[in-house]
**Q** 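This is the structure, below, for whatever I ask next.
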Amino acid sequence: MIPGADSAITRDGKALILAYDHGLEHGPVDFEPVPETTDPSTVFDVATHDAVTAIAVQKGVAEAYYPSYEDDVPLLAKLNGTSNLWMGEPDSSVNWSVDYAAELGADAIGFTVYGGSNHEVEMFEEFRDAQENAREHDMGVVMWSYPRGQGLKDDTSPDTIAYASRLGLELGADIAKVKYPGSADAMSWAVDSAGNMKVVMSGGSKTSDEAFLSTVREAMDAGADGLAVGRNVFQRQNPEAILDGLEAVIFDDASVEEALATTGGLEASD
Amino acid sequence: MIPGADSAITRDGKALILAYDHGLEHGPVDFEPVPETTDPSTVFDVATHDAVTAIAVQKGVAEAYYPSYEDDVPLLAKLNGTSNLWMGEPDSSVNWSVDYAAELGADAIGFTVYGGSNHEVEMFEEFRDAQENAREHDMGVVMWSYPRGQGLKDDTSPDTIAYASRLGLELGADIAKVKYPGSADAMSWAVDSAGNMKVVMSGGSKTSDEAFLSTVREAMDAGADGLAVGRNVFQRQNPEAILDGLEAVIFDDASVEEALATTGGLEASD
Amino acid sequence: MIPGADSAITRDGKALILAYDHGLEHGPVDFEPVPETTDPSTVFDVATHDAVTAIAVQKGVAEAYYPSYEDDVPLLAKLNGTSNLWMGEPDSSVNWSVDYAAELGADAIGFTVYGGSNHEVEMFEEFRDAQENAREHDMGVVMWSYPRGQGLKDDTSPDTIAYASRLGLELGADIAKVKYPGSADAMSWAVDSAGNMKVVMSGGSKTSDEAFLSTVREAMDAGADGLAVGRNVFQRQNPEAILDGLEAVIFDDASVEEALATTGGLEASD
Amino acid sequence: MIPGADSAITRDGKALILAYDHGLEHGPVDFEPVPETTDPSTVFDVATHDAVTAIAVQKGVAEAYYPSYEDDVPLLAKLNGTSNLWMGEPDSSVNWSVDYAAELGADAIGFTVYGGSNHEVEMFEEFRDAQENAREHDMGVVMWSYPRGQGLKDDTSPDTIAYASRLGLELGADIAKVKYPGSADAMSWAVDSAGNMKVVMSGGSKTSDEAFLSTVREAMDAGADGLAVGRNVFQRQNPEAILDGLEAVIFDDASVEEALATTGGLEASD
Amino acid sequence: MIPGADSAITRDGKALILAYDHGLEHGPVDFEPVPETTDPSTVFDVATHDAVTAIAVQKGVAEAYYPSYEDDVPLLAKLNGTSNLWMGEPDSSVNWSVDYAAELGADAIGFTVYGGSNHEVEMFEEFRDAQENAREHDMGVVMWSYPRGQGLKDDTSPDTIAYASRLGLELGADIAKVKYPGSADAMSWAVDSAGNMKVVMSGGSKTSDEAFLSTVREAMDAGADGLAVGRNVFQRQNPEAILDGLEAVIFDDASVEEALATTGGLEASD
């Protein structure tokens, strides 16, 4: 963590990252709830919402679409990722070099690390290379810190998530993206474990507006610095509405009720 | 995908790639139906047909024969490939460096990626290196996107092929070559999943003129941007005839009947 | 071992290294006895005690906190380390390059080597690279020499620890950090086996003030050149007190009784 | 294959390569039939025979002996090779860099590739590096193309040998050295499969003069471009005699009877 | 083998290498017979004996002690080595780069190669890098050629040792260090198999003065070019005496009786 290194992808020290790498990680099936989201333009348009502080995509999507949006939203270059066609011990391919990410205008890099996997050693070392190279480009570093693997019993337990955010601090991330550990106390422990590094909650699979905003509210109250979200935004018919609600919660300290009022509750019955 | 990066190997935005790397992938047995095709000159001559927008060969064949054809047909340097003497989990050796491909006059590179293989992580990373190096040379990038491996149940199902073309987009190809998924709807899904990246159908093993042209017609109607074909051309006694037919279907929007008229139906009984 | 190479992290030829990489190696649970130690600032403050000749941390913690302490305590850059989420044959990821450690102001590097592990060959070679690179930067080299692995019956037996310190000498460390082998004689053998390279005792898990100071006294009497300690300092309510005691034992040749007098015995009942 | 790239190790487009890397591949036992051949000078002397177009040796033998023969015979630097003390799946260590081979005066490189081995992917990639590096030095490239490995049923069947020579063409060799597939027809298929790349027959273990010359005659008649031979020359009491015979068959289009007349039949009863 | 490349570590074409890397290979237990040898100074002092043509040590020992002896004895940098805490298939870690060995004043490099091990391919390639790099520094190359591994039945049989010395020649060593194969005839075969490369006998574990000198005499009579010895020198109470004897045998062609007279027989009863 270098103070200020994440400034290009945060606002008032908080982050709302729109993640759109599901085409690689899960395949096109993730776009079926809202078929138009198969077209990256649709989601890039969503990312121009004021609440969004960065969009996270893989290299090919950035090459093809980011030139049209580079004035509208910061780019978080998601460097690694795998398909779910492959089902081995958690690992992730490095699909994008830091130098080329910088050339394409990225403001920060994103990197998945599966602590506890049999590939932990290799992934830590790949993260090292990416992190140090990002420093040379003055780019921020976001770690998707997801402990996972055959040796791990519970990948969302409080101690696992506290460990996950600590890994981000120890290894040199500016922001760690972690799963919500199920309670405000556990989230608070994860935030404390991160020292002065930022922690953002991972959005996960789609839930109702109220459930989702409540969890985000809880995470923020526990000290989180924002959210990285994909399906809970782009799998909704009205992604702008939920972004309005998230903006209220994350940046304006709104309650869930206040935030829901901004969304109109359009998605609650999904 | 970088807009225009494939322009050297497309015409009017469409591609008809003549692939001739079977000597490596399958061995000389693939030349037995038309023994003269053992001699690469024969197939290079075929590739001078107006319909062909590029010929895809391995390094050694390019070294030995391309100098005589460099004014007649663009070169798609197929960088990786394996013999079928080896029968392990799908993998492919990188037999040609991008720099040397550029030196030999290649206009674009071709690269096989077996998503879902136990070697997926390694292949994605090899693709990354090749793709980024190709960008430095302003060469287009074609991904042979063939999900395959012990964890994969069906390598031509609609969702597999949609995922295959999406992998091309996510990882930075300009064109993805995928197998025909069996129906126009499935092909359409694969094309949509590719965003603004081009998708070409893979020709596969030899069928009758009518069957073959019908499938190509279906694929084009579903939004495909062309074809990459080997055996369905060079295993025919009269490859020029089928190329006339393919040109009609791909570039002139001809019906199967119109196209068959150009071929004279010479091969239908094979 | 190059004479004088460790001068930046020793005083009068002796070392008291405060190690704080437990957040990576063990996770946040190691901070539970004194929750404030979750915050690296707390431990960096402790490290400003006169007795401490260097603080050993991982890259991310150095990036985030060392700039505020660089005038107060030398930095020992702990280059490698793993989480205990991963439970394979002992190995350690190289998380920090020597060049970047130098750029962040490190005075020396720290490197774990698990002699006897199935990864011994790989770890020796990683150590080689780090050690030779450190020489180019005139940085000292501390080896955490911990024989361990499926082939090793007893990792603290006298011959194992003598071998551990010898590995440090043979491979080019300036200081080897080894576990206490259980007796003054065994420690003496380990010190002798190190030739003119320094040997420091590893602090291990927390014990009472008296037990801990007695062991350190024994080690010093056996010829050790100091101590590398983490939990036995920062897991105490009054870390300054034990540092007073350690300073007396290590630098002022005090007896255990004299040293205990400086600590006030505050932790003895823990 | 680059036209003319092999000119330094061929004469009138034909090659007679004397291979002498048996000390590595088989050990000193291969020298027992003619003990003086243990001394490389003996075999280098044989290689000064007019018929020999190149001598193929490993690096150390070239370092020690080639300086005395560099005006007498071209050097084919055999870059890889393994001992038969090791009995795993076919693989071969790269023992000599192309740059250093060039520095020692090599005119071409030789490289073994075991297509079909579990190490095929790795060997193809090592061949790529060597081949492309050789191009930078304008050195010819000879592939010892020996399909072999647990997945291969018959390593001298016609289709295996046709595939073997095709691998040479596809991957960029100038000459492929293949085993004799047992019949003129099969050899002819192998030669055709090589396109305009040269194919030389591998000499194999020692046979009688007549049997050996007959096979070479058959191979030449089938279109082969020469021979690479070791034991069938240096395990004879009178290697010059058999070289006279081979010269007649390979370069002067002699019949076996004519060729035998030049050898004097000295070895026929061995 | 490059003529003269070993001149810095031979005298009159013969070598007596004092090896002292046992602290790494076997651990401090090898110093127990003469505890003072735990201190490298003691053995470096021994190495100043006129008979010794080079001392072979690992990097760390060279860093710490060689500066005081660089005017007295040539340095043979033993680049690789492993602990015996690790018990896998024979392998050896490369602990010292050639460049840094040159910087520390080494006159030649030493490198262990376990032919026949499952790691043979990897070790041959590591040897290649070291050997070619040594050539750039005009340093001699000594191969510790020790065939060993699960596939090897007898690692000191005549054919194994002949193969061992041949590997040195083929791969580019200037001197091969091999175990004594049990008879003068077998040693003679090993020497012949080495061509014009030098062969030195490996000293092995400690025996009586007479037995040891007799074996060395036998080896020299069989054509060996000297000895590389550790325990048979430094595990004696009077290492200078046995060095007097070895000097007589190796350099002055003395008989065992003449040589024993110089040692005074002090160790015969050990």
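Per chain, numbering begins at 1; letters A, B, ... match sequence-line order. Please read these numbers as outputs of a predicted model, since none were measured by experiment.
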**Q** How about C/K78 and C/T112: does a side-chain donor come under 3.5 Å of a side-chain acceptor?
**A**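 There is such a pair (donor and acceptor under 3.5 Å, judged by atom type) between the side chains of C/K78 and C/T112.
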**Q** If we count only N and O atoms by modelled type, under 3.5 Å, do the side chains of C/E36 and C/T42 hold a donor and an acceptor together?
**A**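 Distance-only check fails for C/E36 and C/T42.
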**Q** Side chain, backbone, both or neither: which part of A/S117 has a non-hydrogen atom closer than 4.5 Å to chain C?
**A**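 The backbone, not the side chain.
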**Q** Charged N to carboxylate O below 4.0 Å: is that the case for A/E170 and A/R166?
**A**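 Yes.
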**Q** If contact means a heavy atom pair closer than 4.5 Å, which residues of residues 140-150 of chain A contact chain C?
**A**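 A/P147, listed by number.
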**Q** Can you see whether A/E218 engages A/Y180 through a side-chain donor-acceptor pair at a distance of less than 3.5 angstrom?
**A**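 There is such a pair (donor and acceptor under 3.5 Å, judged by atom type) between the side chains of A/E218 and A/Y180.
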**Q** Could you verify whether a donor N or O on one side chain and an acceptor N or O on the other, from A/Q131 and C/E63, lie under 3.5 Å apart?
**A**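 On atom types as modelled, these side chains qualify, holding a pair under 3.5 Å.
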**Q** Dump the intermediate steps for salt bridge (charged side-chain N to carboxylate O under 4.0 Å, His left out) on A/K198 and A/D174, then the final yes or no.
**A** CA-CA 6 Å; A/K198 291 190 176 67; A/D174 297 308; over 6 Å; no
**Q** Do we see a donor-acceptor contact under 3.5 Å between the side chains of C/S41 and C/D39?
**A**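 Side chains of C/S41 and C/D39: pair found under 3.5 Å.
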**Q** Using a cut-off of under 4.5 Å on heavy-atom pairs, state which of A/G151, A/G115, A/G172, A/G116 scores highest against chain C.
**A**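 The residue among A/G151, A/G115, A/G172, A/G116 with the greatest pair count is A/G116.
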**Q** Honestly, is A/R11 close enough over A/F251, meaning NZ or CZ under 6.0 Å from the six-membered ring centre and within 45° of the axis?
**A**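 The answer is yes; both the distance and angle limits are met.
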**Q** Checking heavy atoms, do the side chain of C/E126, its backbone, both or neither come under 4.5 Å from chain A?
**A**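 For C/E126, the contact with chain A is made by the side chain alone.
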**Q** Check each atom of A/L169 against the heavy atoms of chain C and say whether the ones under 4.5 Å are side chain, backbone, both or neither.
**A**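 Looking at A/L169, backbone and side chain both touch chain C.
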**Q** Can C/H119 and A/V121 be said to form a side chain to side chain contact (heavy atoms under 4.5 Å, CB included), step by step?
**A** CA-CA 12 Å; C/H119 297 289; A/V121 166; over 6 Å; no
**Q** Name the region of C/E32, side chain, backbone, both or neither, that has any atom closer than 4.5 Å to a heavy atom of chain A.
**A**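 When you check distances to chain A, only side chain atoms of C/E32 fall under 4.5 Å.
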**Q** Chain C heavy atoms under 4.5 Å from A/L167: which part of the residue, side chain, backbone, both or neither?
**A**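 Just its side chain gets close to chain C.
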**Q** Given heavy-atom pairs under 4.5 angstrom as the criterion, report whether the side chain, backbone, both or neither of C/N84 touches chain A.
**A**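 For C/N84, backbone and side chain are both near chain A.
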